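For reference, the structure discussed in these notes is given below.
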Protein chains: 2
Amino acid sequence: MAVSEAGNGRGVTLDAVARVAGVSRATVSRVVNGNPKVGEEAKRQVERAIERLGYIPNPAARSLVTRRSDSIGVVIPEPPGMLFGDPFFPRLLRGISTELAARNYQLVLLMPQSPEEEPRVERYLAAGHVDGALLVSLHGEDAMPAALAARGIPVVVGGRPPGGEGVSYVDVDNVGGAKAAVAHLIRAGRRTIATIGGPPDMSAGTDRLEGYRQGLAAGGLALDAALEAAADFTQEGGAEAMRRILAARPDVDGVFAASDLMAAGALQVLRAAGRRVPEDVSIVGFDDSSIAATAEPPLTSIRQPIEEMGREMVRLLLEQASRPGSVPRKVILATQLVRRRSSEGGPKR
Amino acid sequence: MAVSEAGNGRGVTLDAVARVAGVSRATVSRVVNGNPKVGEEAKRQVERAIERLGYIPNPAARSLVTRRSDSIGVVIPEPPGMLFGDPFFPRLLRGISTELAARNYQLVLLMPQSPEEEPRVERYLAAGHVDGALLVSLHGEDAMPAALAARGIPVVVGGRPPGGEGVSYVDVDNVGGAKAAVAHLIRAGRRTIATIGGPPDMSAGTDRLEGYRQGLAAGGLALDAALEAAADFTQEGGAEAMRRILAARPDVDGVFAASDLMAAGALQVLRAAGRRVPEDVSIVGFDDSSIAATAEPPLTSIRQPIEEMGREMVRLLLEQASRPGSVPRKVILATQLVRRRSSEGGPKR
DNA sequence: ACAGATCGTGAGAGCGCTCTCACGCCAACG
DNA sequence: CGTTGGCGTGAGAGCGCTCTCACGATCTGT
């Protein structure tokens, strides 16, 4: 009964509702938009008419005059390695979606699959389809944040943009997390601690490397370039990096990998090389993804509040959108060490 | 130089372009929309003006008159277990996104986080924000497909809708895949083959169970309810199911799990119970997700063409949207057995 | 040479909504 | 009693675009 006659809503206009309710379009509009300056009686009539006709406002018409779309764009370029096997994006999207839903905003997902597609995405965002944009997972000197900002589109970036500041962003405490991981390894009695870093053109890579170095320094251990190997966040990359480290420093007894996937790759290589984990070598990963719990042995890892990151990005964006010209802001979320078997054992502390 | 003066595009209207180009609005509109009935000279002038002003059409205004939005909605309700640790959604989204991008459509992602939010989503879709909707991963008798169809919104479902037919859908060959998995186990010499099924209210669950049964029948093996345990696609659920099976049938020598995650859980339980994999028990999973390759031993699994599924869903949807009232169609995509160590060994064949 | 077809172009009518402004009403004020 | 001031309401002007229709110019056939 709620939904009714004329194919419910398709084609029912404000005007039709006004006629049925015996009021003017303006009054119906007020009721629909919750404007308080409407009489009791008129309001009742309008509500009944809306119900009866199954009226749903035409978003295009509304958007045309309000110049808002009540939706935001989420841009996720495709770093193929990261997307798979890592529930990072689903979780981030969930956080974003939750916060948006609570504010009655919609989410337009844009996945440029190659740099060539970026202009298309940029154009789309610039067209006013969305009230703002969330950019995630930028490589190198991505020009998009700046380009969008120049066009006056509110932007918030997920993860510290490598290209420098000048734009709002939300990030997890990569440095602190990595540092905590290393401290944990040192506490476990490890003294020859290697790291498998992420790509040098992503801040998640460089920041975790920085944290690793700070961790060593804090523990009074010396740096050694032979103990640092960069990879691409993938399992295969992690395995490859582990091989290099093992070749250069066979005496390695601790490994901090900047992602669980890479840690898993390292695990396989270590095992193949006859090293026992955690007896001979302790490993700590990053992300606390499902693979960490699944691996054998389960991986100690650094948990990052991904959903919260998504939510915070939305808050920042909408705040910024509502107050144009506000100064860029950054939010850093704390990480947390999750202990599992891969870092147990080891020598006495 | 490309982008220019007035803050590039924001606020530049068709009319402004027309004035600069010295033609009428209609002509500019024709050029923008690729209408061939435009003279060479006029076209050149218009293109130059567009370039100079950085004109981008206002999507709301366009949508208001064309009654199309050039975007489609993708509804992903949140079955928390499946979302994590399983790159299913990212891959599906990627397939969808690829196909949409090729046709210049946009993707609006809707993630109702609870059944209470579904009306909101339905309302949104019904408002004409999108030209059609893709629904994924339905549990039980989800009313949404029917409700949307009733409102005249083109719908395509991903995975056979449990509630029956009457709506277009794309699915992978779950029955065939499961059957192939069982056949593979039989070929490996296994004779006491259990299955860890998915939720009975999801077609991916029931269809794979059906395939398992067909596989046993085809191999001349008898069914045994004690060899069938349902779970929820999660690792923990898989572990739990494995324990039940082990308790009832300690002689089990083959396991077909309806997801890799559950297979991984089973693996841990088997190992904890002193069973060697694959020497004592062979395991085959489903999905061929990253965890399959990561597990120790790596899991034989059934690969499903997830990206292709996404693409096909889009094709079906747009076809349906362009030809209203067309009859619902279903598309079933083939699966493929991927052999890994978890099903090697075993007794002589 | 003229009728008719063809082609490029412009004028103008909306699409469905929001929002400003003005108006009529009635209570309260001096 | 006339005036001021809310308050609820309606009229109407757009928002920027598409698309139909009509019109003048050029082309074709006889």
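Order of the sequence lines fixes the chain letters, A, B, ..., with proteins taken first and strands second; residue numbering starts at 1 for each chain. Given the structure is predicted, the values throughout are model-derived calculations rather than measurements.
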Measure the distance from [atom1] on [X] to [atom2] on [N] and round it to the nearest whole Å.
X: B:Arg19; N: D:dC17; atom1: CZ; atom2: P; answer: 12 Å
X: B:Arg68; N: D:dT18; atom1: CZ; atom2: P; answer: 10 Å
X: B:Asp15; N: D:dC15; atom1: CG; atom2: P; answer: 10 Å
X: A:Leu14; N: C:dT18; atom1: CG; atom2: C1'; answer: 9 Å
X: B:Arg62; N: D:dC19; atom1: CZ; atom2: P; answer: 9 Å
X: B:Ile50; N: D:dC17; atom1: CD1; atom2: C1'; answer: 13 Å
X: B:Arg67; N: D:dC17; atom1: CZ; atom2: P; answer: 18 Å
X: B:Lys43; N: C:dC7; atom1: NZ; atom2: P; answer: 16 Å

Check: Below 4.0 angstrom, N of the basic side chain to O of the carboxylate: do B:Arg315 and B:Glu312 qualify?
Finding: yes
Notebook entry, point to check: Is the shortest side-chain N to carboxylate O distance from B:Glu41 to B:Arg44 below 4.0 Å?
Noted result: yes
Check: Just wondering, are more than 12 heavy atoms of other shown residues or ligands nearer than 6.0 Å to CZ in B:Arg123?
Finding: no
Margin query: Which is more 5' along DNA chain D, the nucleotide nearest B:Arg25 or the one nearest A:Ala42? Just name the residue.
Written below: A:Ala42
Next item on the list: Would you mind telling me which residue lines up with the more 5' stretch of DNA chain C, B:Leu64 or B:Lys37, judged by nearest nucleotide?
Entry: B:Lys37
Which nucleotide wins on minimum distance to the side chain of [X], given the candidates [options]?
X: A:Tyr55; options: D:dG16, D:dT18, C:dC17; value: C:dC17
X: B:Ala26; options: D:dT18, C:dC17, D:dC19; value: D:dC19
X: B:Val23; options: C:dG10, D:dG16, C:dT18; value: C:dG10

Checklist line | Minimum side-chain heavy-atom gap A:Leu110-A:Leu125 below 4.5 Å | finding: yes
Indicate whether OP1 or OP2 belonging to [N] is found under 4.0 Å from a side-chain N or O atom of [X].
X: A:Ser29; N: C:dC17; result: no
X: A:Asn33; N: C:dT18; result: yes
X: B:Ser24; N: C:dA11; result: no
X: A:Ser63; N: C:dC17; result: no

Check: Within the modelled atom types, does a donor on one side and an acceptor on the other bring the side chain of A:Arg30 and the base of D:dG10 under 3.5 Å apart?
Finding: yes
Item checked: Distance in Å, A:Leu100 CG paired with A:Arg311 CZ, rounded so as to fall on 0.5 Å steps -> 10.0 Å
